[in-house]
Structure formats: C-alpha cells, structure tokens
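Structure record follows, encoded as structure tokens.
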Amino acid sequence: KKRTVDNLRSPVVCVLGHVDTGKTKILDKLRRTHVQDGEAGGITQQIGATNVPIDAIKEAAKFVKGFTELAVRVPGLLLIDTPGHESFSNLRSRGSSVCDIAILVVDIMHGLEPQTLESIKLLKAKNTPFIVALNKIDRIYDWQPNAKRDVRDDVKGQSKLAMNEYTKRTNDVIVQFAEQGLNVALFYKNPDPNEYMSMVPTSAATGEGMGNLMALIVEYSQSMLTKRLMYSNELQATVLEVKAIPGLGTTIDVILINGALREGDTLILAGTEGPIVTQIRSLLTPQPMKELRVKNTYIEYKEIKGSIGVKIAAKDLEKAIAGLNVSVACQPDEVEFCRSEVAHELKSALSSIRLQERGVFVQASTLGSLEALLEFLRTSSIPYSGIRIGPVVKRDVMKASVMLEHDSQYAVILAFDVKIERDAQELADHLGVKIFHADIIYHLFDQFMAYRDELKA
Ligand code: GTP
Ligand code: NA
Ligand code: MG
C-alpha cells in the first residue's frame, strides 16, 4: 500500500534532559499517573513508553488557543521517557535514536546542565527536531499558577516581580542555547519555526503549559514531519528493554514504528549468544496513557500496527539484547537471511562490552541497566570480568569465586535491581564472595568503594 498523508502514524516523542528536570513528572501530569512517586530514589533507571491517544491530547490542550480548530491528523503520540542520570547515556542514546521529535526538558531555575548538553549532542547527531519544555516555572518567586488557561495568558497575568524573574531566566536559557549553536525562542515569540526551536514554559507540578507543549508537538509533527510520519508497511521495530515479568517469563518491550506484528509471527532478534528465532506468543500493551515499564493489566492483540509501544511474550527471550532492531520472517526461507542481518548488527553492539580477565561480576535486571552500570564502572576504572542479566544464583557465585585465587578484592558480585537466591547468598558467605545489592546504580558503586577502602585499611 502506498504511503499517504491520510495515513500518518503516531510520532515517537522522546523526553530528554538532565536528571530531575521533571521529565517523568511531565508525563505523569499528562497521564494522570504517579510513576515518579514509585521510582527508587525518584530516579528513572529504564526507558519507558506511553501510548497517548489523540483524544487525551485534545483534552490536555483544550485551553490552547487555536488548537481545537486545528485539523489533527496524527492518531496520537508515543512518548518515550528516558533517565537523566549521567550513567544512563546508553539509554538516552537508545531513546533518542528511535524518536521523530524530542521534548528537551530544562529546569528554569538551573538552565542548561551537563546531561542537557549531552542530549543536545544526541539530537544534533540525528538531526532530530525538539521542543524545549522550560519546566518548574511555579518555582519563580511570586508566581501565581493558573493551569486552566493558555500558558500565554498565564504568563501575562503574572505580577511584575514574577515577570521580571521569568524574563531574565528565560533570556539566560536562550543565551545558553545560542552558545551551543542553537536558535531557541519562546514559542509565542518564535519568528520562524524553520530557524528557531520553540520553548514552552511549563510546570509539571501545577500543569501550566502542558497543553501548549502537547499542541506544539502535534502541530510541529504534522507540518514539518509529514513525510517521515506516513505509515509504511515495512517493519521497523526496536527492542527497548528485556524484562522478566511474573507469569509471562522474559518479555521484550518493543517500539514498533512502522509495519505490523502478529501473534505467531517468527521473530528474529539479537541475543547474547547469537540471534534468537522465536514465535510471538502474545502482543500486549498497557491501557492507553499507562506506562509500559510499570506492571499493568495488559490489553492483548492478534495484530498490532505502528507506531506503538508493545510488550512481546515469547519463548527464549532470556538472552535477548535491548537496543537493536527485530525482524520478522514471513516465509521459512527468510529466516536465514534475517539471522545473518541480526548477527551483523549484534556484532557491532557487543564489541562495546569487553570483559577484563580480572574484575568484579556484574548482574542487572535488564540489559539497559547492565549497560548503564558497566558505563559507570568504566568511568570509575573498576574492571569487570563477568556479566549476566537475571537473579543471582549459585552458578554466579561460583563464577565470581574464581577471583579469590587471582585478585580477591574482585571476588564480588554487584547486583543491580535483581533478586539474590537464598542458597546463592549462603554459598557466597561460605566461599567468601561479597554480594552487593542495590536498586540505585551509584549506591552499588559507593558500597564497592567503601569495601575496597576497608580491604586496604
Ligand atoms: P530523572 O528521570 O531521574 O532524570 O528525573 P526527571 O527529569 O524524570 O524528574 P522527575 O520527574 O523525577 O522530577 C524530579 C523532581 O522535581 C521531583 O521531586 C518532582 O516532583 C519535581 N518536579 C518536577 N517538575 C516540577 C515542576 O514543574 N515544579 C516543581 N516545583 N517541581 C517539579
Ligand atoms: Na528524578
Ligand atoms: Mg524520570
């Protein structure tokens, strides 16, 4: 079928920015959820995805002048949440690589920060357009929030005192963007959307500007990205996360951008020990407006079309690797071709994970978090000799115990967000293998450093 303007897919919108600028909170406000409250340490450590139907966007943008008159042609938005913590640059790059447009969140009280700059680099590298959410405007002194109106009127209605601070901080941010070679303007002062990226004042606490932000994303996507958003039958799908779910086994969270997936399809994807060939057992999405990374009641599909965030249950996904594309073999004789394609893509991805002869043993719940942890260890010059995704079992302790003979300071398992089996812990205690466990990456690092210092003392 021909690609047409009458058949657009949802734009994939990646939310990027420095830690704690309010990325998850913005999505919570839009979804009316409380995902951020449930995060360990209030920190996002995985990529998330939310399918937002167009009606929800219209509801959010009902106070936005001119939006109700706009002919909306996109079926919704697929929002991708990413972590802002420095150790998750792999997840930021993964998120940004699948997106059509981004929301770059900047804290108005802080301006551009290190991971804002890193995000800008990622966006520049792919030429991805973005809209800046200048968040936390409610923290401006004497600010009087009014979320039930267009943010332009909200801003106009502020006291002179609040307005002065708002203007000063906004201009500072514009200058900081200019220093990065980027033209940014407040959306209501944008002289030319081809030349200037728009910036929207927002507050995820009060809801101010949220409607304007969504309206701008829709408007920009429809007018500037039409070609890119024309639905295509050719499969384009990327694994975001690999995750064990009680009752479902190991599943993959996939961003299906173009094309369709069906129950029973033969899926080929990268695995730590070579390409995996498996049949789709179920295609699941959370309810609309719910986060894919949070445990939900799922909706099950026989067939599903892009763009959408979908969880796939199938056999043999335990060794699947996130961040790479999946293929479907329509005919049995296509399997070999798909395998070699996937193998090739995998080879370049795995070459980045190099194990040292001597080092700690690292385990994590998903490949995304494993990669982030390894990145953290690399920058801290902590070598690692073994990696695994999944709970700590006796076999892992045996492997880690090898270091007792070589370099006992590394007879350590760093376990991130995974269970430790009781008999594994007993064996570790017996052999003298240390297991450190945490659900925030840098806590693991702190524990290990303290332990090393203790050994030296
Ligand atoms: P990471 O995912 O860890 O990078 O953080 P994030 O960018 O998702 O920020 P998050 O949503 O976790 O918010 C960080 C903190 O800022 C939380 O305590 C939020 O309640 C608070 N916050 C977010 N947005 C606003 C806002 O607009 N105004 C105020 N006052 N606080 C906000
Ligand atoms: Na946070
Ligand atoms: Mg977050």
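Order of appearance sets the numbers: ligands from 1, and atoms from 1 within every ligand. Since we're looking at a predicted model, the values are computed, not measured.
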Salt bridge or not between [X] and [Y]? Use side-chain N to carboxylate O under 4.0 Å.
X      : Y      : result
Glu165 : Lys168 : no
Asp316 : Lys319 : no
Arg9   : Asp100 : yes
Lys121 : Glu118 : no
Asp153 : Lys65  : yes
Arg149 : Asp154 : no

Check: Taking 3.0 Å as the cut-off, does an N/O/S atom of Gly42 lie below it from the Na ion (ligand 2)?
Finding: yes

Next item on the list: Taking both backbone and side-chain atoms into account, decide whether Glu39 has an N/O/S atom under 3.0 Å from the Na ion (ligand 2).
Entry: no

Counting each atom of ligand 1 from 1 as listed, which ones have a heavy atom of [X] under 4.0 Å away?
X      : value
Val19  : 3 (O), 4 (O)
Ala205 : 26 (C), 27 (O), 28 (N), 29 (C)
Gly42  : 3 (O), 12 (O)
Arg139 : 30 (N)

Next item on the list: Might you work through the side chain to side chain donor-acceptor pair (under 3.5 Å) test for Asp81 and Thr24, ending with a clear yes or no?
Entry: CA-CA 7 Å; Asp81 192 10; Thr24 305; 2.7 Å; yes

Please check whether [X] reaches ligand 1 - meaning an N/O of the residue sits under 3.5 Å from an N/O of the ligand, judged on distance alone.
X      : value
Ile137 : no
Asn135 : yes
Ala204 : yes
Glu39  : no
Gln36  : yes

Next item on the list: Verify side chain to side chain contact (heavy atoms under 4.5 Å, CB included) between Leu373 and Leu444, making sure each step is shown before the conclusion.
Entry: CA-CA 9 Å; Leu373 186 49; Leu444 264 182; 3.9 Å; yes

Check: Is a side-chain N or O of Glu241 found less than 3.5 angstrom from the main chain of Lys243, in a donor-acceptor match?
Finding: no

Notebook entry, point to check: What part of Thr44 sits under 4.0 Å from ligand 1 if we count only heavy atoms: the side chain, the backbone, both or neither?
Noted result: both

Next item on the list: Heavy-atom distances under 4.0 Å are what count here, so tell me which part of Lys25 touches ligand 1: side chain, backbone, both or neither.
Entry: both

Next item on the list: Specify whether an N/O/S atom of Gln36 falls short of 2.8 Å from the Mg ion (ligand 3).
Entry: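 It does not: Gln36 brings no N, O or S atom closer than 2.8 Å to the Mg ion (ligand 3).
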
Item checked: Contact check: Thr24 to the Mg ion (ligand 3), N/O/S below 2.8 Å -> yes

Quick one: look up the protein heavy atom nearest [atom] and list residue, atom name and how far away it is.
atom                    : value
atom 14 (C) of ligand 1 : Asp20 OD1, 3.4 Å
atom 9 (O) of ligand 1  : Gly22 N, 3.0 Å
atom 6 (P) of ligand 1  : Lys23 N, 3.4 Å
atom 28 (N) of ligand 1 : Asp138 OD1, 2.7 Å

Check: Taking the six-membered ring for Trp, are the ring centroids of His85 and Tyr442 within less than 6.0 Å of each other?
Finding: yes

Checklist line | Near-ring test Tyr384/Phe361, centroid separation under 6.0 angstrom | finding: no

Notebook entry, point to check: Leu225 and Ile101: side chain to side chain contact (heavy atoms under 4.5 Å, CB included), yes or no, with the steps?
Noted result: CA-CA 9 Å; Leu225 305 174; Ile101 182 169; 4.1 Å; yes

Notebook entry, point to check: Do Ile440 and Gln45 touch side chain to side chain, with heavy atoms closer than 4.5 Å?
Noted result: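 Heavy-atom side-chain distance check passes, below 4.5 Å.
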
Check: Which of the listed options, Lys136, Glu86, His18, holds the heavy atom that is closest to atom 25 (C) of ligand 1?
Finding: Lys136

Next item on the list: Looking at Asp20, pick out the N, O or S atom nearest to the Na ion (ligand 2) and give its name.
Entry: OD1

